[in-house]
Amino acid sequence: MPTLADYEPIIGGSAIDELREVAARLMDRHIVMVNSTRSGGGVAEILARMMPLLKELGLRARWEVIEGTEAFYRVTKKFHNALHGRPEAITEEMFRLFAATGEQNAARLDLQGDLIVIHDPQPIPLVETRAAHPSAKWIWRCHIDVSNPQPDVWNFLKPFILKFDAAVYSAAPFVQRMAMRQLLIAPSIDPLSEKNRELSPEEIAVVLGKLGVPQDEPIVTQVSRFDYLKDPLGVITAFRRVRRSVKCRLVLAGGPATDDPESDEVLHRAQEEAHGDPEIHLLMLPPNSDVEINALQRASAVVVQKSIREGFGLTVAEALWKGRPVAASAVGGIPLQVKHRYSGLLVHSIEGTVQAVKQLLNNPDYARRLGENGREHVRQNFLLTRHLQDYLLLFLLAGSSEDVVSLASRP
Ligand code: UDP
């Protein structure tokens, strides 16, 4: 695992000094992060990288994961879709299962700490136990866009959320206004992880060889869980239209997440759609296929993220950090990362995706410039170290009764 000093060549020494200064005010503070899976998806990705650095900075940080039955994860997947605005039939029985699983986890997990950070809706009912830990502060860290949810699910969750001391969102457009402290913290990627570190062309070639993806033609890639909201079928349709005029291969790389029961079905649909097409590579990657994803992103002439709805969209930041030209839907957190015609191209439809991918494939110099701008944008805004700094400030703020927390060492 990298240490803080390893980030200095990327972000500079003063940013590291600032982290240490703020952390000095939080020494030995006990932080508990809780989410719903240890691998698969962006939240697990961030937590895995952040925990060691919090510890290095002197905080006592622990990561707990809730457990649930398959039926529970089917319910939370429906909640997830409904919070993104998709109509879902949710029954009273489902609400009961959600709350009951929360109670079971509350009995099982060690929630002793000074700051309890609950990620996303799945573990929300744990807040019911806060009376048992009266001095702890509770933070709801929402990674998804809840600005336009289905009312039944939102109305069910809202009373839980109001019991937290603060709610944190990834971006301003995701917010639900509520009578509580609300803050914005953008997610991040770790430039030193296996998924994002530099790779040599030889390393890339070895990985692609193992995955059975030839580098004879430009590669267009989407890395995503197999989820309808990531629109893998739309990507296949767009690819086929691009290929009518430009030679290229498509890679759709995804993997399972323990909290996503729909992925098998979506993969199956994508397999049917791609059936018998040697230029479409559907890769179901096992968990922790970080170097594989890294190599695929780096080998790509264009990275696509044609999501229908999206949280922040870490895969976009990962591609931009690698200097890749990106064509991505203007949904969720993607427009924060892709400034149209500056750090990538934003698309709104299948036809728009076709045009954008063709433009990038046909104009390599332009594509390279967009990629370079994207990398710098990520360096300035979406690296793990900036995220860590925001969390430290959040912990200071949450632990204080003041609205404004002075960061000067001697006020
Ligand atoms: N990811 C992965 N394996 C896969 C698919 C995705 O490791 O097969 C990673 C991807 O590289 C990114 C994260 O999972 O780091 C997905 O985060 P994102 O915000 O793009 O989407 P989410 O899955 O959270 O909706």
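Side-chain atoms are counted along with the backbone in the values below, which use heavy atoms only and exclude waters and symmetry mates. Atoms within each ligand, like the ligands themselves, are counted from 1 in listed order. These numbers were taken from a predicted model, which means no experiment stands behind them.
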Which atoms from ligand 1 have a heavy atom of [X] less than 4.0 Å away?
X    : answer
E318 : 10 (C), 11 (O), 12 (C), 15 (O)
T315 : 10 (C), 12 (C), 20 (O)
G313 : 19 (O), 20 (O)
E45  : 15 (O)

Could you identify the single nearest non-hydrogen protein atom to [atom] and state the distance to 0.1 Å?
atom                    : value
atom 3 (N) of ligand 1  : I293 CD1, 3.2 Å
atom 7 (O) of ligand 1  : K195 NZ, 2.8 Å
atom 8 (O) of ligand 1  : G255 N, 2.6 Å
atom 23 (O) of ligand 1 : R225 NE, 2.7 Å
atom 22 (P) of ligand 1 : K230 NZ, 3.5 Å
atom 16 (C) of ligand 1 : G42 N, 3.6 Å
atom 6 (C) of ligand 1  : V223 CG1, 4.0 Å

Residue pairs fulfilling ring-ring contact (aromatic ring centres under 6.0 Å, His included) with at least one residue in residues 354-389, sequence neighbours excluded = F312-F382, H377-F382, H387-Y391
task = Determine whether V251 and V220 make a side-chain contact, defined as any pair of heavy atoms from C-beta on separated by less than 4.5 Å.
result = no
Under 4.0 Å between a side-chain nitrogen and a carboxylate oxygen: does that hold for [X] and [Y]?
X    : Y    : result
R386 : D390 : yes
E128 : R130 : no
R96  : E93  : yes
K77  : D227 : yes

ask   = What part of L314, side chain, backbone, both or neither, has a heavy atom within less than 4.0 angstrom of ligand 1?
value = both
message = Taking 4.0 Å as the limit for heavy-atom contacts, which would you say applies to Q305 with ligand 1: side chain only, backbone only, both, or neither?
response = neither
task = Check I124, I118, L126 against F160 for a side chain to side chain contact (heavy atoms under 4.5 Å, CB included) and give me the one that passes.
result = I124
inquiry  = Any atom of ligand 1 sitting under 4.0 Å from a heavy atom of G254?
reply    = yes
inquiry  = Tell me whether the rings of F156 and F98 are parallel (<30°), tilted (30 to 60°) or perpendicular (>60°).
reply    = perpendicular
inquiry  = Once you measure the plane-to-plane angle for F164 and W140, does it fall in the parallel (<30°), tilted (30-60°) or perpendicular (>60°) bin?
reply    = tilted
ask   = Just going by heavy-atom distances, which of S39, A317, S224 is nearest to atom 5 (C) of ligand 1?
value = S224
ask   = Do you see a donor-acceptor pair shorter than 3.5 Å between the side chains of N196 and S193?
value = yes
